Amino acid sequence: MSIPARLENLRRRLPENDLDALLISTPENRRYASGFAGSAGYLLVSKDDAALATDFRYVEQAGNQAPDFRVVRISTALDWFTELVADLRLRRVGFESHGVTHSFHQALQKAVAEMEQADRPELVPTRDVVELVRVVKDPDELDLITRAVELADVAFDSVSPGIAPGMSEREVAWELEKTMREAGADGLSFDIIVGSGPNGALPHHRAGERVIQDGDPIVIDMGAVYQGYCSDLSRTIFVGRPDDTFREVYDTVLQAQLLAEESAAEGMTGVDVDRVARGVIEDAGHGGEFGHGLGHGVGLAIHELPTLSPRGSEDPIRDGMVFTIEPGIYVSGWGGVRIEDMAVLEDGRARVLSKARKLDLS
Ligand code: ZN
């Protein structure tokens, strides 16, 4: 989808939120709405105007990447903002309450207070205005996400067969990172997690010095960034011959995941989809060992809307949403199993994007 179409979707949300304009400051929203990929700048989007304010380092890049925006060079503090607000006669200007620092908010208030009384706008805190547009991916975004997914899949499938006793978690993480980079990843979605043995019970353990031993389950969680878009993939492997405990836990997690993937349908809420997987894990007696939500949206950010969890949103999932399905069981002192795919909702059903191998324990 073109930037003008995204802007149109965004502008439709202004009156819904009773706003004349929205000041966009979070990096992902800035990139989504304008195409500008630089690391500093603000967008001010109103019904008839779209301005991108950035400093001298980025003026040229902004002009190239965001042709639908008027590029304004930031000279001193917030003069650009107060001048635009006065010129455009904006009365209610939203800002991203979840995306600004306290000091930026103070500076914004001060700048507004120093404006001529007649020009002063009301600053309105908002949440998730752009995020709720971004939650439905357009075909261009889905292409980039698919590529990011492939990069993680290929790296996992090429590196995992070589994981053997004697390697450290860190070495495994580095092999995965190197392989993704060489295949074309621009970066990592997050530091790769390699949780071997008991470390697998810590859902967000990174990758440390522990040396992998025969009989270890290993949770691997990784993702690539491709042209700004993230992927997220978890697989659990076993070093040596899987024992009965591992088989039972792995099989339960896999059944929970497959059922959630088959069942996810347009109109269900994130709470509903989570409940499907959680039910399988509870029925197997592991209910207390699945301590996180089933999944989250993925796009320009590694964690975004929708939220699939017991405390997730009551908003139904819709076609075009991309999210993870990642049930897990974590047993303190023993280890963990997490299996994570990414899926897109299409024609009302989930189409699984992740193709990295899963264990065949039969
Ligand atoms: Zn995830």
Side-chain angles (χ1 to χ4, degrees), residues 28 131 134-135 137 141-142 144-153 155-156 160 169 172-173 176-177 180 185 187-195 199-207 217-226 228-237 250 253-254 256-261 264 270-271 273-278 281 289-313 317 321-330 335-345 350-358:
E28 292 87 2
E131 283 80 353
R134 253 172 59 196
V135 66
K137 272 61 183 175
E141 294 186 284
L142 194 57
L144 299 177
I145 290 170
T146 301
R147 183 71 190 124
V149 168
E150 282 168 1
L151 289 165
D153 285 349
F156 176 82
S160 60
E169 293 173 348
V172 173
L176 292 165
E177 175 169 353
M180 284 197 287
L188 304 179
S189 303
F190 50 86
D191 285 343
I192 294 173
I193 295 170
V194 179
N199 288 342
L202 314 167
H204 276 174
H205 172 75
R206 295 294 177 185
I218 305 179
V219 179
I220 292 172
D221 195 343
M222 56 193 278
V225 176
Y226 185 70
Y229 285 82
C230 299
S231 65
D232 198 357
L233 171 74
S234 299
R235 288 290 182 266
T236 301
I237 61 168
Y250 190 92
V253 173
L254 185 58
Q257 188 194 38
L258 295 177
L259 189 65
E261 289 175 352
V271 176
V273 185
D274 177 278
R275 194 181 295 125
V276 171
R278 200 165 296 278
I281 291 175
E289 294 158 351
F290 177 21
H292 57 73
L294 178 65
H296 53 87
V298 183
L300 285 166
I302 183 63
H303 291 120
E304 55 181 58
L305 299 173
T307 302
L308 281 55
S309 86
R311 293 162 303 281
S313 157
I317 53 174
M321 291 187 177
V322 171
F323 48 85
T324 68
I325 297 183
E326 50 177 311
I329 293 177
Y330 308 93
V337 170
R338 177 168 65 257
I339 313 174
E340 173 182 33
D341 287 334
M342 278 175 60
V344 57
L345 209 68
R351 175 166 68 84
V352 175
L353 299 170
S354 307
K355 298 196 168 61
R357 275 193 299 273
K358 297 175 187 174

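When a ligand or atom number is given, it counts from 1 through the structure's own listing order. Nothing fancy with the numbering, it's 1 onward along the sequence. Because the structure is predicted, anything quoted here is derived from the model rather than measured.
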Requested in this report: Report the C-alpha distance between Tyr229 and Arg147 in whole Å, list the side-chain angles of each, state the deciding distance to 0.1 Å, and finish with yes or no for side-chain hydrogen bond (donor to acceptor under 3.5 Å, both in side chains).
Outcome: CA-CA 9 Å; Tyr229 285 82; Arg147 183 71 190 124; over 6 Å; no
Query raised in the report: Glu169 and His205: side-chain donor and acceptor closer than 3.5 Å?
Result: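 Result is yes, a qualifying pair exists.
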Query raised in the report: Using a distance-only test with no angle check, is there a side-chain donor-acceptor pair under 3.5 angstrom linking His303 and Asp232?
Result: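 Checked: His303/Asp232 side chains show no N/O donor-acceptor pair below 3.5 Å.
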Query raised in the report: Does His296 put an N, O or S atom under 2.8 Å from the Zn ion (ligand 1)?
Result: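 Given the 2.8 Å cut-off, His296 counts as a ligand of the Zn ion (ligand 1).
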Query raised in the report: So, is Asp221 placed with an N/O/S atom under 2.8 Å from the Zn ion (ligand 1), counting both backbone and side chain?
Result: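 Given the 2.8 Å cut-off, Asp221 does not count as a ligand of the Zn ion (ligand 1).
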Report task. Check Glu326 and report its N/O/S atom nearest to the Zn ion (ligand 1), by atom name. Result ->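 It is OE2, the N, O or S atom of Glu326 closest to the Zn ion (ligand 1).
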Query raised in the report: Got a second to check how far Arg134's CZ is from Leu300's CG, nearest 0.5 Å?
Result: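 Here the interatomic distance stands at 5.5 Å.
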Report task. Give, rounded to 10 degrees, the angle between OE2 (Glu340) and OD2 (Asp232) as seen from the Zn ion (ligand 1). Result ->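 Taking the Zn ion (ligand 1) as the apex, I get 80° for this pair.
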